[in-house]
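For reference, the structure discussed in these notes is given below.
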Amino acid sequence: MGYQFDFSMVVKILPVLWRGVLVTLELWVICLAVGLVLGFFVSLARISPFAPVRLAGRSFVELFRNIPALIQLIWFFYAFPILIGAQLTPFVAAALGISLNTAAFSAEIYRSGIQSIERGQWEGAMAIGMSRADTFRRVILPQVFRRMLPAFTNRAVEVAKVTSLASVLSVHELMYQGRVLSSTYYRPLEILTTVGVVYLVMIYPMTWTSSALERRMRRKA
Amino acid sequence: MQQYEWDFGAVLAYWPMLLHGLWGTVAISALAILFGIVGGGLVAAMRMSRHVALRTIGTAYIEFYRNTPGIVHFFWVYYALPVITNVKLGPLEAAVVALATQSSAFYAEVLRGGIQSIVRGQWEGATALGMSRADALRRIIVPQAARRMVAPFVERSFEIVKTSSLASTLAYGELLYQGMQIASITYRPLETYSLLALIYFALLYVLSSLAKILEDRLQEA
């Protein structure tokens with residue numbers, strides 16, 4: 001088969017892809033930060049002693065986990081503005097959708113982390129006179145963060161991949177640039193392959209960190 | 001702000017389109033799960049092979065798919081693959097190929113995780129009884145591993161159902177694509193996309209409840 005892979009095309013599109021990479025990184029960092037913070041509060045709601053709060057937390061998590069992320073993004077861009085009476089930019093809509101989605105998934109990581117700490121830890125802390133809140137903050141949480149670190153890095157990998165869906169809303173991130181370039185130059189093979197490789201280079205260090213952390217923990221255990 | 005007049009009736013009038021879309025979603029998902037399991041078996045066998053070359057290919061395959069977004073795979077199969085193979089796939093075929101190759105990587109990890117979770121002693125015991133490696137795998141290891149693999153397998157399959165919504169970007173008439181059509185016919189994106197979210201939620205929630213029952217049965221057995 002005589003297809004000539006045109007490497008000069010790859011070089012030519014790199015500056016444009018780089019602009020996309022910056023937007024992808026921006027989206028990634030924002031959504032991960034907001035999602036992790038928000039997810040923590042959702043997990044507290046999930047384990048609250050008050051049934052209505054627990055139900056609200058659970059509904060939030062189930063809703064965002066059982067609906068495809070792409071639908072969530074489209075909903076926040078096309079449907080949500082009607083509800084609030086104000087148009088959102090594609091970037092804001094995407095950031096909102098991905099952040100809430102990340103919050104739902106990380107809430108479950110926090111929750112399983114908190115529940116994995118043995119009862120004895122709570123009892124011990126209480127026995128030396130700590131309040132429930134103090135025990136949670138000073139005894140339970142530090143252990144949760146350590147145990148859950150691999151799960152959080154995994155989530156970071158997922159979030160990076162989800163940001164590519166923002167291309168559907170025309171956010172000018174990496175995938176969007178790839179799509180536009182590929183229809184401009186009629187070189188989908190070179191361009192889409194390059195986009196894939198750029199994602200790989202961007203995300204692989206995170207995956208590697210995650211499995212390294214997992215290995216280290218298994219050795220300690 | 002003017003009070004928004006909800007009208008689900010206008011959207012529901014197009015229920016045959018939604019039904020058609022639901023069928024499309026089920027078709028892509030079922031085919032991708034089926035081919036994904038077969039492919040996943042092959043990839044897992046390579047990943048755990050005693051030959052370095054096969055092992056490297058298996059690992060590279062898995063890492064590639066774990067570290068690149070699904071939407072890149074969809075576009076690559078639809079737009080770039082025909083350039084090398086001279087075979088133009090339709091949107092359905094492209095979506096199934098993209099989703100099945102991707103899920104092969106994830107199913108392979110499920111299989112490997114399950115098999116490697118069985119302690120070495122089981123292999124050694126089987127070998128001591130004079131069983132071959134293949135026999136030990138088939139009669140001792142797999143039956144035990146299968147039970148542990150159910151939960152991650154189900155989780156992976158849900159991801160496939162959710163990811164099938166990406167086929168809309170190739171203009172295949174699954175649920176999301178049909179919804180987009182309805183939204184532009186009726187000018188009712190709020191109702192349409194909310195309804196769409198609800199349909200996905202119901203579909204996945206029912207499936208996950210069924211999976212829970214199945215899992216519990218298996219744990220008891």
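These figures come from a predicted structure and were not determined experimentally. Labels below follow one simple rule: chain letters A, B, ... track the order of the sequence lines, proteins then strands, and each chain is numbered from 1.
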Taking every non-hydrogen atom, the tightest pair across [X] and [Y]:
{"X": "B:Phe201", "Y": "A:Glu62", "value": "CE1-O, 3.3 Å"}
{"X": "A:Leu70", "Y": "B:Ser165", "value": "CD2-O, 3.7 Å"}
{"X": "B:Pro69", "Y": "A:Tyr199", "value": "CD-CG, 3.4 Å"}
{"X": "A:Arg65", "Y": "B:Lys162", "value": "O-NZ, 2.7 Å"}
{"X": "B:Tyr79", "Y": "A:Leu192", "value": "CB-CD1, 3.9 Å"}

How about [X] and [Y]: do any of their side-chain heavy atoms sit closer than 4.5 Å?
{"X": "B:Leu190", "Y": "A:Trp75", "answer": "yes"}
{"X": "A:Ile203", "Y": "B:Thr68", "answer": "no"}
{"X": "A:Ser167", "Y": "B:Ile71", "answer": "yes"}

When B:Gly179, B:Ser194, B:Ala202 are compared by non-hydrogen pairs under 4.5 Å with chain A, the top option: B:Ser194
Given that the side chain runs from C-beta out, which part of [X] has a heavy atom under 4.5 Å from chain B: side chain, backbone, both or neither?
{"X": "A:Gln72", "result": "neither"}
{"X": "A:Arg179", "result": "side chain"}
{"X": "A:Leu63", "result": "both"}

[X] atom [atom1], over 12 foreign heavy atoms within 6.0 Å:
{"X": "B:Arg55", "atom1": "CZ", "result": "yes"}
{"X": "B:Lys88", "atom1": "NZ", "result": "yes"}
{"X": "B:Trp6", "atom1": "CH2", "result": "yes"}
{"X": "B:Glu215", "atom1": "CD", "result": "yes"}

At what distance, to the nearest 0.5 angstrom, does [atom1] of [X] lie from [atom2] of [Y]?
{"X": "B:Leu207", "Y": "A:Asn66", "atom1": "CG", "atom2": "CG", "answer": "9.5 Å"}
{"X": "B:Thr163", "Y": "A:Leu165", "atom1": "OG1", "atom2": "CG", "answer": "9.0 Å"}
{"X": "A:Ile71", "Y": "B:Tyr200", "atom1": "CD1", "atom2": "OH", "answer": "4.5 Å"}

Side chain / backbone / both / neither for [X] at chain A, heavy atoms under 4.5 Å:
{"X": "B:Glu63", "value": "both"}
{"X": "B:Tyr65", "value": "backbone"}
{"X": "B:Leu203", "value": "neither"}
{"X": "B:Ser168", "value": "side chain"}

For B:Arg66 and A:Val157, run side-chain contact (heavy atoms from CB on, under 4.5 Å): C-alpha distance rounded to whole Å, both residues' side-chain angles, the deciding distance at 0.1 Å, then the answer. CA-CA 9 Å; B:Arg66 278 177 63 183; A:Val157 169; over 6 Å; no
Top of A:Thr193, A:Val168, A:Ile67, A:Val195 for chain B proximity - count of heavy-atom pairs under 4.5 angstrom: A:Ile67
Which of the residues A:Tyr204, A:Phe5, A:Tyr78 is involved in the greatest number of heavy-atom pairs with chain B at under 4.5 angstrom? A:Tyr204
